[in-house]
Amino acid sequence: MRAENSAITHGTIAVPMSQTASPATAPPAAAAGRTSPVRAASPAGSPANAAAPAEPAAGTGPGARAGTLSAALGVLAFSTTFPSTAWALEGFGPFSLVSVRALIAATVAGVLLVALRVPLPARRHWAGLAVVGGGVVVGFPLLTTLALRTSSTSHAAVVVGLLPLTTAAFAAVRNGSRPSRTFWAAALTGAATVLGFVVATGGGAWSGADGYLLGALVVCAAGYVEGGRLARVMPGWQVMGWALVLCLPLALAGAAAGLSYEPLHLNLHAVTGVVWAGVCATFLGGYLWYRGIAAIGAPRASQLQLAQPLLTLGWSVALLGEQPGAAAPLTAVVVLVCIAVTQRA
């Protein structure tokens, strides 16, 4: 994928979750030592809306398996960001694309929140939602888009490869979690493998755009960790939904300004790409991701993202006609082994 036709943004359409949690969707409160994410969707001011509990301990029961599956599906949705963005950039400028995508996702989220009469979050949660919105909805998409105007797509893969490690580090600081040495060894091995792959196959080199990419790593990891904490006191789709709604005024202003100053050439690819990026890669992916983090914790969920560059590579082959090097299968095997180790460490 060409640098000028690439941008990263993150982000689920959600079927409303039942207010009664089943063993397959949330770990029992007694076993996990916390309130389940679904029951925590009570109106503001209720006990379920209390401050987020500590990082959940690793588990092997149905709830942990369901959380791992949810996070993995979120990563799958995120992995479609590259091809959908490449399509959208055929008709939109970078600022217009980021703003319109956020606007679409925020509209979907707002309609669902109003239709389901979801109560406003407690006042103490709005600061955390602002961190999620600033990091995941605005910061990461904007910074990576700015970087990709002058950087190669290999740098985008570098960002994705380093994000799990950054998220785990943020989680350790923010939540007081202490992953084992085995966990860190597997995480570092996986990140190094991904970095080696993108450098070897993409000829990646540090450039002036690295400041944008470094900033994107920091703000996205902060958003992931804070969103994971909130997802343990409210359903994951509400975390992403309220964060998107909070960013709606900024998205409106950005779309108005971007569409006024950047050229617009609508075609099937551009429309499909921006809608897919807004609804699936942002809203749907965010819901699944935060639901998974709530069940298994940010450090372990973040390691599933080690597979995201390779998933994106597959989508690029299928949708964009790109041809990866022979190193891709070997890298995939190493990364999957690292993921398996982190899930059991």
Side-chain angles (χ1 to χ4, degrees), residues 27-28 31-34 52-75 78-79 131 135 157-200 204 206 213-214 216-232 289-311 327 329-345:
R34 56 180 175 81
E55 184 77 15
T60 58
R65 289 193 294 269
T68 300
L69 176 61
S70 182
L73 290 175
V75 170
F78 291 155
S79 72
V131 173
V158 167
V159 170
V160 173
L162 291 177
L163 187 55
L165 183 60
T166 310
T167 303
F170 261 82
V173 174
R174 180 69 174 89
N175 301 330
S177 59
R178 295 294 181 269
S180 66
R181 291 182 179 179
T182 301
F183 174 94
W184 284 113
L188 289 170
T189 300
T193 300
V194 171
L195 285 173
F197 170 76
V198 298
V199 170
W206 296 99
L213 296 173
L214 210 56
L217 276 173
V218 173
V219 298
C220 191
Y224 277 171
V225 173
E226 197 64 31
R229 288 172 59 84
L230 292 173
R232 300 199 298 276
W289 176 248
Y290 287 124
R291 185 166 179 251
I293 287 181
I296 64 176
R300 282 171 174 77
S302 69
Q303 298 316 303
L304 296 172
Q305 275 198 314
L306 288 170
Q308 186 172 327
L310 303 176
L311 291 171
L330 177 60
T331 304
V333 171
V334 175
V335 168
L336 291 175
V337 169
C338 291
I339 291 173
V341 172
T342 61
Q343 297 304 302
R344 290 165 173 77

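The shown structure was predicted, so the numbers you read here are calculated from the model rather than taken from an experiment.
Atom CD1 of I296 is separated from atom CZ of R65 by 13.0 Å, given to the nearest 0.5 angstrom. Atom CZ of residue F170 and atom CD of residue E226 lie 11.0 Å apart, to the nearest 0.5 angstrom. The line from CG of L69 to CZ of R291 is 8.5 Å long, rounded to the nearest 0.5 Å. Rounded to the nearest 0.5 Å, atoms CH2 (W184) and OG1 (T189) are 12.5 Å apart. With values rounded to the nearest 0.5 angstrom, I293 atom CD1 is found 9.5 Å from R232 atom CZ.
Looking at every heavy atom in both residues, L163 comes nearest to C220 through CD2-SG, 3.9 Å. In this structure, V335 and A307 approach most closely via the heavy-atom pair CG1-N, 3.8 Å. Residues A168 and F183 come closest through the heavy atom pair CB-CE2, 4.2 Å. Contact record, A301 with A71: CB-CB, 4.2 Å, taken as the closest heavy-atom pair. Of all the heavy atoms in A295 and G67, the pair that sits closest is CB-CA, 3.6 Å. Taking both residues in full, the closest heavy atoms of A171 and V225 are given as N-CG2, 3.6 Å, listed atom of the first, atom of the second, then distance.
In this structure, T68 contributes its side chain and A64 its backbone to a donor-acceptor pair below 3.5 Å.
Using cut-offs of 30° and 60° for the angle between ring planes, the F78 and Y224 rings count as parallel.
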